[in-house]
Amino acid sequence: MTATSTDSTYDVVIVGAGLAGALLAEKLAANNKRVLILEAGPNPKDPGSSWPDRQDYRDNFFKAWLKLPESPYPPMGPNSTTPADPAAQCAPRATSAALGGWPRLGDPMREQKIEAVNRQSHLVYPPETMLPFLSTYERAFGGTTWHWLGTCLRMLPNDFKVQSLYGRGIDWPLDYDTLMPYYRQAEAALLVAADVADQTYHGIHFEPDYKYPGNDNQRIPPTYSDQCLDAGMQGLTLYGQAMGMTSTPQARKACPGSNSCIPICPVGMKYDATRTLNQLDKDKVTIVTQAVATRVSVDSSGRVNGIEFQQYDDPGRRPAGARKTATGKIYVLAAHAIETARLLLLSSTPTLPKGVANSSDQVGRNLMDHVVYLGWGLMDKPCYPFRGPRSSSGIESLRDGAFRKDWAPFRVDVGNEGWGWADNDPATIVSDLVDGTNFSQINPCGRKLFGQDLVQELNDKLTRQVRFCYLVEQDPDPENRVTLSSQYTDGLGLARPEIRYWLSDYTMAGFVKAQEVTEKVFSKAGIKNYTRFSDAPGFPAFEYRTNDGTTYRFNAFGAGHIVGTYRMGTDSKTSVVDSYQRSWDHPNLFLLGSGTFPTIATSNPTLTIAALTFRTAESILADLGQ
Amino acid sequence: MTDPKVNDRFVQLSQILTGFGPKSIGRALDRFNFLQVLQERAGLEATEALLARYQQLKDAGKSDREIGYTMLHLSDPRTALLARTLMKLWYLGQWFQPYDYGPYKSYKPGGVPVIVDPGAYAHSLAGWAAQAKPVGTFDGNSAYPTEANPGWAGVPPPLSEFTE
């Protein structure tokens, strides 16, 4: 843990050393402001730290049977001695592993099994919950950028006005053109690599002569698999949109293609926020790690006057030391959408019974994700996955169109990792062919192979694997929310987040379309569909009945895109922050991150988080008299 | 230090079971001691019995294919199970404990196999069978496409280069 003095009054106190906190700190320091960052998680580079570093994280990933996003990172890593019980952890976070016991559809022991999940999950659920929240995050120096994909897409112009155009969701209080110069700053900060010519679809436009700054202004080359898929779907039009593969803007350098961007880049070529944090001017920016913000204090005038925090040495043991208070002129919460909302709610007082910044009663509400439909299959010829970044291209065709008034749009993230996410391959297929089982469905005769037969069969199957990930838009629902559990606490005695979560018919209809698109694209591209529904513990699922009486059952996954819980707007009665992410209630409080998104739109959120952060930085600097 | 004869038998049996050749098995074994996992977790006696069975079949003039088939389909269940466990160790770096041994409890269906060391995964064979490499590893050779080498944008080298 960084030794530091927090006795001085800083210009800005930031909670959270993830992407938003890091970029803001850098901008403020460049303008000579004194900044304090409080980060709940550890920093391996702290002097004297025995905390695992990147190579240790990589080894944790290698040793994990299930290569989940959190698998490299303590305390879930196999090397950790910190207990897995979130009630014993000082800074627990949501994990996929905690949902391993989620009940099947129709399980008669459903309530008891959810209770069991609650005992091991940081996020807890009422017993009647049908679907858990499926995405996870990290509380660490660098935040969730440790295991993001690196995808840096801009929102579409129409994403900002879906209510006006399609009668769905809510309009943003700003538009694409307003954000455009900040997208430019964000792409420069993350060194995003792409080709402008590839990105001018669905109305996306750029300043004249703009070039993406990363990788010497070159896009990251599509993989051979991308090229095969693109060729395979040429000529296919669905719902009025021509289908095809588009290169994805990525925050990475010319990497060797280790294929494991989620959950870890073993060589550090993918941007993560530690790159920004480690370059900060230490004379201007103080970072205190292993420091959990526990309360936001507000004075009688409505201004924030301090952030209380608790430091710890051992993440699995309640610390003995007293809590401290950090003070500044401006306060910024950038602890991601669930933890920031949680902190605001934890800060309730008799005069602020609903918590800080919550006169609108919107804090914690409108929790959204890109809910994921996975489709997977075998191409009729080798396309050689398991090479390159985990994803280098996608299908952007159905991110927008007139259909958005009827069903949720999606982009398709096309994977380069075969059936790794879809079916835990190559482990499943190897075990099937050695043991004679058929979990993968490619071994219906129960063959038990060895030697050359085994190599050839594995080669035949593994080189033809294709995986599509549909990021289906979820619309805002105030009843999807984060509140504070009255029953479960963490290792510091703080109430854990309680989640209420479900999907609208709009999103479920998007899943139906995702299934249809899979069938049609696969058919066109010569891909045999192996997508299957699993009604098993640990595979959250839902049922959807259409108006014509057809019942669908789907497994759902999370994209790691957690948004909406302190949304921006034009009206203080229905939103938490304005378009500069300033709290309506407290003029010296800003909230960063995807929690401010009024809708989740159709792009991965990271670039927009960064762009909004740069816009907020201008506002903060103006407040500080810059 | 392992008896060289034991090591040789282990290498030869591993080639027969996995389908990978001496160069790739030797390279993987140089970097991670797969034999030691077998000896520690299945026991020295069981390992020696497995390798002795292989040697017996080889001395009887059986072909590699006959040896593999016999060990996996015509041997006692424990030998066959251990042979399959070894195959999955090679291909995935994962150890599915075949029976209770010392502190190690046998793997049950639906359970979780063990990856005893990062090296077991990093030098496992499934990625090579895919004409790639284990996901997340970097051996110093970049696959980033260049003018000289199409890398991930082109077709990889033939399978034989990965399995010889």
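Every chain is numbered from 1 and lettered A, B, ... according to where its sequence line falls, protein lines coming before strand lines.
The contact list for residues 155-164 of chain B toward chain A, using heavy atoms and a distance under 4.5 Å, reads B:V155, B:P156, B:L159, B:T163 by residue number. At a heavy-atom cut-off of under 4.5 Å, chain A is reached by B:R84, B:M87, B:K88, B:Y91, B:L92, B:Q94, B:F96 from residues 83-102 of chain B, listed in order of number. Proximity to chain A at a heavy-atom threshold of 4.5 Å picks out nothing from residues 21-31 of chain B. For residues 222-229 of chain A, heavy-atom neighbours of chain B at less than 4.5 Å comprise A:P222, A:T223, A:Y224, A:Q227, sorted by residue number.
In this structure the side chain of A:W419 reaches within 4.5 angstrom of the side chain of A:I442, judged on heavy atoms. Side chains of A:E457 and A:R447 form a contact here, defined as non-hydrogen atoms less than 4.5 Å apart.
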>> Run the salt bridge (Lys or Arg N to Asp or Glu O under 4.0 Å) test on A:R219 and A:D198 for me, step by step, so that the C-alpha distance in whole Å, both residues' side-chain angles and the decisive distance to 0.1 Å come before the verdict.
In response: CA-CA 9 Å; A:R219 68 179 185 177; A:D198 293 335; 3.0 Å; yes

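Seen from the ring of B:Y121, A:K67 counts as a face-on cation partner, given the 6.0 Å and 45° thresholds.
Between A:K63 and A:D59 no salt bridge is recorded (no basic side-chain N to carboxylate O distance below 4.0 Å). At a threshold of 4.0 Å, the pair B:R65-A:D453 counts as salt-bridged, since one of the basic side-chain nitrogens sits closer than that to a carboxylate oxygen. Under the 4.0 Å criterion applied to side-chain N and carboxylate O atoms, A:D272 and A:R54 are assigned as salt-bridge partners. For the pair A:R532 and A:D423, the salt-bridge criterion is met [side-chain N within less than 4.0 Å of a carboxylate O]. A:R467 has a carboxylate O that lies under 4.0 Å from a charged side-chain N of A:D413, or vice versa, which qualifies the two as a salt bridge.
In the model, B:Y144 has a side-chain atom that pairs as donor or acceptor with a side-chain atom of A:N215 under 3.5 Å. Checking B:T79 against B:D76 by side-chain atom types alone, a donor-acceptor pair falls below 3.5 Å. In the model, B:Q131 has a side-chain atom that pairs as donor or acceptor with a side-chain atom of A:N459 under 3.5 Å. Counting only N and O atoms by type, the side chains of B:R9 and B:Q12 include no donor and acceptor under 3.5 Å apart. For B:S106 and B:K108, the side-chain atoms include at least one donor-acceptor pair closer than 3.5 Å. A donor and an acceptor atom, one from each side chain of A:E138 and A:H147, are located under 3.5 Å apart.
Taking B:A143, B:S142, B:P118 one by one and counting their heavy-atom pairs under 4.5 Å with chain A, the maximum is reached by B:P118. Interface check for chain A: of the options B:G151, B:A129, B:G154, B:A122, the most heavy-atom pairs under 4.5 Å are formed by B:G154. Residue with the most contacts toward chain A among B:P145, B:P134, B:P113, B:G136: B:G136 (heavy-atom pairs, distance under 4.5 Å). Among the candidates A:T463, A:T437, A:D435, the residue making the largest number of heavy-atom pairs closer than 4.5 Å to chain B is A:D435. Here B:G68 is the residue among B:A120, B:G119, B:G68, B:G127 with the most heavy-atom pairs under 4.5 Å with chain A.
Only the side chain of A:V267 comes within contact range of chain B, with at least one heavy atom under 4.5 Å from a heavy atom of that chain. For A:F386, the parts lying near chain B are the backbone and the side chain together; criterion is any non-hydrogen pair under 4.5 Å. Only the backbone of B:D117 comes within contact range of chain A, judged by heavy atoms closer than 4.5 Å. Only the backbone of A:L449 comes within contact range of chain B, judged by heavy atoms closer than 4.5 Å. The contact between A:K448 and chain B is made by backbone and side chain atoms together, counting heavy-atom distances below 4.5 Å. With a 4.5 Å cut-off on non-hydrogen atoms, A:P382 does not touch chain B at all.
Ring orientation note: the planes of B:F20 and B:W128 are tilted relative to one another, at an angle of 30° to 60°.
Between A:Y57 and A:W146, the ring centre distance stays below 6.0 Å.
A side-chain contact (heavy atoms from CB on, under 4.5 Å) with A:I429 is found for one member of A:V434, A:L458, A:N443 and no other, namely A:L458. The side-chain contact (heavy atoms from CB on, under 4.5 Å) test with A:R390 is passed by exactly one of A:N416, A:I262, A:T151: A:I262.
A:R464 places a side-chain N or O within donor-acceptor distance of the main-chain N or O of A:D460, the cut-off being under 3.5 Å. Side chain of A:Q120 to main chain of A:V117: no donor-acceptor pair is present (N/O by atom type, distance under 3.5 Å, no hydrogens or angles).
Here the CG-CG distance, from A:D216 to A:L191, works out to 10.0 Å after rounding to the nearest 0.5 Å.
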